[in-house]
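Quick notes on the structure that follows.
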Amino acid sequence: MSTTRPPFMLANTYIAAGERAVVDIPFGKLYTHTELNIGAHVVHGRQDGPVLLITAALHGDEINGVEICRRLLKLPRLSRLKGTLIVVPIVNTYGFVQQSRYLPDRRDLNRSFPGSEKGSLGSRMAFQFTNQVLSKCSHAIDLHTGAIHRANLPQVRASAKDKMALRMAESFNAPIIVKAATRDGTMRGTANNMGIPILLYEAGEALRFDEQSIKIGVRGIVNVMQDLGMLSRLKRGKKTDSLFTKKSSWVRAEHDGIARYYVSLGQTVQQGDLLAHIYSPYSDFEVAIHATLAGVVIGRNNLPLVNEGEALFHIAEVSSLEEAEKTLDAISDEVDNSMPVSLQDEYGVV
């Protein structure tokens, strides 16, 4: 099939229409003089369309997104892509190698955007990524997990002021949509300032694969690509809409000690419900931790050893707890049951 669509250029590499390539982008060296590159997969469709960026491991220990990217890139449907897909499975190569959230100087790459040419390592990496990769895109999805020892219920976060980002969030169809303002220094904040609609997908725990989170992530990206016209729509039954929340807060430890947790991710709680006990290993002392608001548990600390003031449970307010339970169960069932064997290759499920 002939095409007049021009090639796509990334880091001085040209990818012809209908082709795909892995582009290595130099981003620095170790003190051993070993070069570290960021590898970007580029799928350049034969027909015009959006340029969608998918990023993962911006925090080096958040590896769920790496597997989501692998499965996404295996989809046979990408041969019929309209537009251009850029997938960067590992942004923070330093942290990924060291199984660490941070860069070697302990800075957080996702607090270094948009960066500068002459700043710290993180600032320089953020500057290069912003100018060489992010600026090439029309839309973006950034894949994250909870921090180490913390797990997140699959959720997407988008700015309430960005109508296109909210539309992408609804299309993604994660269990929860959090309308959240951006933070200074983040890639999401920089993308917002550049006028690029961006979603943040949070699911699972650092240094762990979570199959449900991975499936929801792959399905969600495909849903967004279909809504953007990058992929043709497959016939599906009616889907359950995501839950919206405008407010969430953390319940924190009221004392240091050893915690026993009683509620799990996705569970609904009433204000005042017992969430955990914290006890001392040296006495009969024990303190109860109660829910400070009614809602859905969307984040949880998995480490029983806690310090006073430490975040334990992240609770999101919803309009109806009963409806929330039904919605979460329905979406979970849809993810598990809506992909028969004949379609599993289409979603990269292995």
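- Closest of all the heavy-atom pairs between Val251 and Ile289 is CG1-CG2, 3.6 Å.
- In this structure, His44 contributes its side chain and Pro6 its backbone to a donor-acceptor pair below 3.5 Å.
- With contacts defined as side-chain heavy-atom distances shorter than 4.5 Å, the pair Val263/Asp273 does not qualify.
- A donor-acceptor pair is defined here as one N or O able to donate and one able to accept, closer than 3.5 Å; such a pair exists between the side chain of Arg188 and the backbone of Ala181.
- A salt bridge links Glu67 and Arg70; the closest N-O separation between the charged side-chain nitrogens and carboxylate oxygens is under 4.0 Å.
- The cluster map of Ile, Leu, Val, Met, Phe, Trp and Tyr, joined by side-chain heavy atoms under 4.5 Å apart, puts Phe244 and Leu293 in different clusters.
- Under the 6.0 Å cut-off for aromatic ring centres, Tyr261 and Phe313 qualify, their centroids lying closer than that.
- The same ILVMFWY cluster, assembled from side-chain heavy atoms under 4.5 Å apart, contains both Ile54 and Met164.
- Within a 6.0 Å sphere centred on CZ of Arg111, heavy atoms belonging to other residues, nucleotides or ligands number more than 12.
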What verdict does the side chain to side chain contact (heavy atoms under 4.5 Å, CB included) test give for Arg157 and Thr182, after you've listed the backbone C-alpha separation in whole Å, the side-chain angles of each residue and the deciding distance to 0.1 Å?
CA-CA 9 Å; Arg157 300 178 186 177; Thr182 57; over 6 Å; no
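- Leu243 has its side chain out of reach of Thr245: every pair of non-hydrogen atoms, C-beta onward, lies at least 4.5 Å apart.
- Salt-bridge formation is detected for the pair Arg260/Glu286: a Lys NZ or Arg NE/NH1/NH2 atom is positioned less than 4.0 Å from an Asp or Glu carboxylate oxygen.
- Side-chain contact of Arg150 with Asn152: a donor-acceptor pair under 3.5 Å is absent, judged by distance alone.
- The main-chain N or O of Ala126 is found under 3.5 Å from a side-chain atom of Thr130 such that the two form a donor-acceptor pair.
- Judged by distance alone, the side chain of Ser120 and the main-chain N or O of Ser123 form a donor-acceptor pair under 3.5 Å.
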Before giving the answer on side chain to side chain contact (heavy atoms under 4.5 Å, CB included), spell out for Phe209 and Asn64 the whole-Å C-alpha distance, their side-chain angles and the decisive distance to 0.1 Å.
CA-CA 5 Å; Phe209 279 164; Asn64 248 352; 3.8 Å; yes
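- Between the side chain of Arg20 and the main chain of Leu73, a donor-acceptor pair closer than 3.5 Å is present.
- Checking side-chain atoms of Thr13 against main-chain N and O of Met9 turns up no donor-acceptor pair under 3.5 Å.
- Linking ILVMFWY side-chain heavy atoms closer than 4.5 Å, directly or via other members, places Ile331 and Val318 in two distinct hydrophobic clusters.
- His139 is not listed as a side-chain neighbour of Val224, based on a closest heavy-atom distance of 4.5 Å or more.
- Thr93 places no side-chain N or O within donor-acceptor distance of the main-chain N or O of Ile38, the cut-off being under 3.5 Å.
- Remark: side-chain polar atoms of Arg124 are paired, donor with acceptor, to backbone N or O of Gly119 under 3.5 angstrom.
- Below 30°, between 30° and 60°, or above 60°: for Phe113 and Phe129 the angle between ring planes is above 60°, a perpendicular geometry.
- Side-chain atoms of Ser213 and Arg208 form no donor-acceptor pair, as typed in the model, at a separation below 3.5 Å.
- Put simply, the side chain of Val296 reaches to within 4.5 Å of the side chain of Thr268, judged on heavy atoms.
- Ring orientation note: the planes of His59 and His144 are nearly perpendicular, at an angle over 60° on the 30°/60° scale.
- In this structure, Ile148 and Arg101 have side chains that are not in contact, with every pair of non-hydrogen atoms separated by 4.5 Å or more.
- Panel note: side chain Glu322, backbone Ser320; no donor-acceptor pair is recorded below 3.5 Å.
- Between His255 and Phe285, the ring planes lie tilted relative to each other; the angle falls in the 30° to 60° range.
- Proximity of Ile278 to Glu254: side-chain heavy atoms (C-beta onward) are nowhere separated by under 4.5 Å.
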Pair Thr55-Asp142, side-chain hydrogen bond (donor to acceptor under 3.5 Å, both in side chains): steps then yes or no
CA-CA 5 Å; Thr55 56; Asp142 188 22; 2.7 Å; yes
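- Neither Met168 nor Leu200 shares a network with the other; the hydrophobic side chains, linked directly or stepwise wherever heavy atoms of I, L, V, M, F, W or Y lie under 4.5 Å apart, form separate groups for each.
- Of the possible polar contacts, none joining the Ser283 side chain to the Ser280 backbone as a donor-acceptor pair under 3.5 Å is found.
- Side-chain contact between Arg219 and Glu334: present, with at least one pair of heavy atoms (C-beta onward) separated by less than 4.5 Å.
- For the pair Lys82 and Asp48, the minimum side-chain heavy-atom distance is 4.5 Å or more.
- The same ILVMFWY cluster, assembled from side-chain heavy atoms under 4.5 Å apart, contains both Ile315 and Val306.
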